Every structure is written in C-alpha cells, then in structure tokens.
Amino acid sequence: MEPKKFGVIGHPIGHSLSAVMHTRVFKELNLPHTYEAFDVAPENLKEFITNSDLTGINVTIPHKVEVMKLMDELDQSAKDIHAVNTVKLSPQPNTNNPTPQNFKRNSVGHNTDAVGFSESLKEEDINLENKNVLVIGAGGVSRAILISLTNNNANVTLTNRTKQKAIDLIQELSINPKIIDYQELTTKNQLPEIDIIVNTTSIGMHPNENTSPIPKEFLKPNHIIFDAVYNPLKTKLIKDAEFIGCKTISGVNMLVHQGAQSLRIWLGIEPPIQAMKDEVLKHLKTQ
Ligand code: ATR
C-alpha cells in the first residue's frame, strides 16, 4: 500500500494529541501512513495549504475559520458550523513529476467536531432528541456543539459571560436557542428543567483547576454533564458531578470521535476507538 502523509496545523501547536492518536491508529491497523504536527503561522497558511503534499489535514486554533477561504469545496458540516477542522486533498500529487500542474489538487473542507460531540453521547446511550440542554460558552468549541444539538433536535439554552457574543454566534449559525444571562448560572438555580449541561468554556482548565461554571449545590443526580475541558482529566465540574451521582462525559471522548470521523473521511476506514482513547489518556496522564 502507498504510504500517505497526514498532519495537524495550528499556531502554536505544542504537544499534539492528534499526532499521537492518529499514529497509534496507523500502527494498530498496520497502515504505512504517517501523521505529524506542523506549527503554521497565520501568514504562512495559504502557502502551506497550496503546496502541501499531505492527503489529510486537521486544522486547529487559530486557522479553523481562515482555512475555509482556501478550500475548493466545503461539505455541509463546514457550511453549518462556519469553520473547518478537517481538509481532504485529492488526488495525490505526482511526486515523480512535481510540475505546478501536477500539484493542482482539489481541497474539501469538513468539520468533524459536531459528529465528535454527538458520537461521545451516543457511546453513552444518550439520545439528544427533545432533551433540554444548557450550553455554557460561545467560543470555538461551542459552535460545533450548538449545531450538533440543533441537528439532533435538542431544546437548547445558551449562556455566555459576554452575552453579545452568544447573540452574534446564534445569528451567524442561523439557529435560535433560548439565551439566559450568565450571572444567573451562579445566582439563580436555572437547572431544574435541564437534562444535559455542556461546558464549552475554559473554566476549570489547567492552571485554574479549582473553578467550575456551576455551583455544586445546583447539580442533581439526573443531570448529565459533558465537559469539553480535558486538562485536567477530571475538572472540578466533573468531580462535583460525580460526587452528586451524575453521569459524566469527558472532552477526551469528543477529541477521539472527531479524529475518528476525520479518518473515515480521509481513508474510509473504521478507526479503533478504544485504542485511540487509551493513547490520548496515556499522554494526558504523563503531561
Ligand atoms: P474555545 O475555542 O476553546 O471555545 P474561545 O473561543 O476563546 O475558546 O472561547 C472561550 C469561551 O470560554 C468563551 O465563551 C468565554 O467567554 P467570553 O465570550 O465572555 O470571553 C468563556 N470563558 C473563558 N474564561 C471564562 C471565565 N473565567 N468565566 C466565564 N467564561 C469564560
């Protein structure tokens, strides 16, 4: 089999969990492909995409929106979310004769974050249809989750510290969730009617491990908690929720499932989910 090259681009890129996760997949499935992390500054993005000999690229902060403009095509997921996290380049360049014509490839932008989120819940037998879901945060992670929830017919309530950002985001995404004031999250108990709470903010992330978006006393055992933060592996929100007896889902699962969906798009393979999860957890534990 012809070896293919894959990679993730970001700036900064740091220690990439995507690289270790995808490399494990290729090893597990005995595939000759490689996956590397590339630090690409914004001013070099166009050149990188145009001249890349990669078959597939994962895209992370800060390029997810800018890279859209460089695509020949966008699939429905990227159009809905207004951001690209997965690029498929085809056909392969002719490396024996790399003339400029041979390097003209078709680029298609996808976004696998929404599938990553919904698969993380499906794995836990959680059906989103008609569920009351509170989403906290209106940043980059939130947009894919909001689209996933809307596509799965959940009843969404959105809150963000900066309310205007939530208003702008739902307008951009053409969705219509209920918006509540962020202050009310900690002052008034807004949660009696809520089935699933989704934290998409960076609250609780290292080095602010002792913070949580929701006071523990507002949590009830019937709440399902999804925390997109996975550093630390157990955030304060997850620890509080476990103490109360809630079902909890870590952001690691979303990371793994979005990566798995990228592999389906690039190679049409069914990825080994548990091996991917094991590899990511192994690296997070040693960080
Ligand atoms: P990401 O791509 O990870 O979503 P982001 O786009 O910077 O990152 O978004 C961060 C989110 O976390 C935002 O919703 C942000 O709220 P603001 O829009 O008000 O900035 C939220 N956030 C970060 N720190 C927060 C804090 N200490 N309290 C409340 N919200 C916070």
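Counting starts at 1 for both ligands and their atoms, following the listed order. Both backbone and side-chain heavy atoms feed into the values below; hydrogens, waters and symmetry mates do not. On a predicted model such as this, the values are computed, not experimentally measured, just so you know.
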Cut-off 3.5 Å, no hydrogens considered: what does the side-chain donor-acceptor table look like for residues 32-43, sequence neighbours left out?
from	atom 1	to	atom 2	distance (Å)
His33	ND1	Lys4	N	2.9
Tyr35	OH	Asn58	OD1	2.6
Asp39	OD1	His11	ND1	2.5

Given a heavy-atom cut-off of 4.0 Å, could you list the residues near ligand 1 in chain and number order? Gly137, Ala138, Gly139, Gly140, Val141, Asn160, Arg161, Thr162, Lys165, Tyr182, Thr200, Thr201, Ser202, Ile203
Donor-acceptor pair between Asn106 and Ser90 side chains, under 3.5 angstrom: no
I'd like to know if Lys236 pairs up with Asp240 as an ion pair, taking the criterion as any Lys NZ or Arg NE/NH1/NH2 lying under 4.0 Å from an Asp or Glu carboxylate oxygen. yes
Tell me, which pairs form a side-chain hydrogen bond (donor to acceptor under 3.5 Å, both in side chains) where one or both residues lie in residues 139-148, sequence neighbours left out? Arg143-Glu172
Using a strict threshold of under 4.0 Å (side-chain N to carboxylate O), is an ion pair present between Lys27 and Glu279? no
Residues in side-chain hydrogen bond (donor to acceptor under 3.5 Å, both in side chains) contact with Arg264, at least two apart in sequence or another chain: Gln261, Glu270
